[in-house]
Amino acid sequence: MALHKITEIAGGGIFIPGDDIDTDRIIPARYMKSLTFDGLGEYAFNDERKDAAGRDRPHPMNEPRFAGARILVSGANFGCGSSREHAPQALYRWGIRAILAVSFAEIFFGNANQIGMPCLCLRRGDAGRLGGEVAAHPDLILKIDIKTLSVVYGDVCVAANLPAAVQRVLLDGRWDPIAELLEKPDQVGAVARRHAYMTS
């Protein structure tokens with residue numbers, strides 16, 4: 001994944017209500033057997049979207065009106081539970097490019113931001129109102145400004161929260177540590193040669 005600055009995310013929203021939405025719900029463990037993350041998007045929230053026979057259940061991700069949504073809105077402690085990095089990867093591959101919630105589980109938060117999917121916190125009331133607007137108006141466009149930490153939809157602008165260090169790496173395009181290493185192979189090699197355990 002090439003490094004690039006993330007200053008703004010805009011697009012349609014999708015509201016998945018509730019607190020404590022855990023990583024087991026986001027991506028069931030049985031879909032974590034592949035060697036890459038490719039194809040995980042179709043299994044996002046699979047056990048809530050499909051019944052035992054594979055038929056669709058009522059769920060926002062099954063509704064055509066939310067196809068193409070880029071910004072997920074939810075409640076508190078989003079991404080809690082086991083620390084599987086597959087959870088943010090599944091959402092990213094479904095099409096999500098940013099998440100707005102009341103709060104996030106720490107490991108999910110880190111994993112999501114490191115794949116370029118910013119996670120910003122909203123006040124409870126703002127998150128609830130935004131979720132209601134998204135559910136009622138699927139054509140509503142949300143605009144997240146990373147520099148000003150604001151979310152604009154319609155004629156409403158609400159404040160968002162993001163740790164300063166995360167905001168800085170997103171704006172500077174330094175949010176992916178693996179891409180940074182791949183970008184500087186000579187420096188990586190020089191450091192490796194200074195350590196005996198890398199050359200023995």
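Scope of the values below: all heavy atoms of this structure, side chains included, with no hydrogens, waters or symmetry mates.
Among residues two or more places apart in sequence or in another chain, the side-chain contact (heavy atoms from CB on, under 4.5 Å) test is passed with Ala76 by Asp19, Val102, Ser103, Arg124. Residues satisfying the side-chain contact (heavy atoms from CB on, under 4.5 Å) criterion with Leu171, sequence neighbours excluded, are Thr7, Ile146, Lys147, Gln167.
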Query raised in the report: Checking side-chain contact (heavy atoms from CB on, under 4.5 Å) for the pair Phe108/Asp22: CA distance, chi angles, key distance, verdict?
Result: CA-CA 9 Å; Phe108 178 94; Asp22 62 43; over 6 Å; no

Report task. Apply side-chain contact (heavy atoms from CB on, under 4.5 Å) to Glu85 and Ile115, showing your working. Result -> CA-CA 10 Å; Glu85 58 185 321; Ile115 63 170; over 6 Å; no

Requested in this report: Evaluate the salt bridge (Lys or Arg N to Asp or Glu O under 4.0 Å) criterion for residues Arg65 and Asp139: first the C-alpha distance (whole Å), next the side-chain angles of each, then the deciding distance (0.1 Å), finally the verdict.
Outcome: CA-CA 8 Å; Arg65 63 193 186 122; Asp139 58 342; over 6 Å; no

Report task. Before giving the answer on side-chain contact (heavy atoms from CB on, under 4.5 Å), spell out for Ile71 and Ile96 the whole-Å C-alpha distance, their side-chain angles and the decisive distance to 0.1 Å. Result -> CA-CA 6 Å; Ile71 300 171; Ile96 299 301; over 6 Å; no

Requested in this report: Give the C-alpha distance, both sets of side-chain angles, the deciding distance and a yes or no for side-chain contact (heavy atoms from CB on, under 4.5 Å) between Leu149 and Leu120.
Outcome: CA-CA 8 Å; Leu149 295 181; Leu120 294 89; 4.0 Å; yes

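Between Asp172 and Arg168 there is no salt bridge, since no side-chain N of the basic residue sits under 4.0 Å from a carboxylate O of the acidic one. A salt bridge is defined here as a Lys NZ or Arg NE, NH1 or NH2 lying under 4.0 Å from an Asp or Glu carboxylate O, and Glu48 with Arg25 meets this definition. Between Arg30 and Asp47 there is a salt bridge, since a side-chain N of the basic residue sits under 4.0 Å from a carboxylate O of the acidic one. Between Lys50 and Asp56 there is a salt bridge, since at least one side-chain N of the basic residue sits less than 4.0 Å from a carboxylate O of the acidic one.
Relative orientation of the Phe104 and Phe109 rings is tilted, given thresholds of 30° and 60° on the angle between their planes. Ring pair His59/Phe45 is tilted by interplanar angle, where 30° to 60° counts as tilted.
The number of heavy-atom neighbours closer than 6.0 Å to CD of Glu106, taken from other residues, nucleotides and ligands shown, is 12 or below. Atom CD1 of Ile107 is surrounded by 12 or fewer heavy atoms from other residues, nucleotides or ligands within 6.0 Å.
For the pair Thr23 (side chain) and Ser82 (backbone), a donor-acceptor distance under 3.5 Å is present. A donor-acceptor contact shorter than 3.5 Å is absent between the side chain of Arg70 and the backbone of Ala98. Of the possible polar contacts, none joining the Arg49 side chain to the Asn62 backbone as a donor-acceptor pair under 3.5 Å is found. Checking side-chain atoms of Asp145 against main-chain N and O of Thr148 turns up a donor-acceptor pair under 3.5 Å.
Leu130 and Ile141 sit in two unconnected hydrophobic clusters of ILVMFWY residues. Membership requires side-chain heavy atoms under 4.5 Å apart, directly or through other members.
Applying the side chain to side chain contact (heavy atoms under 4.5 Å, CB included) test between Leu142 and each of Val73, Ile9, Val152 identifies Val73 as the sole match.
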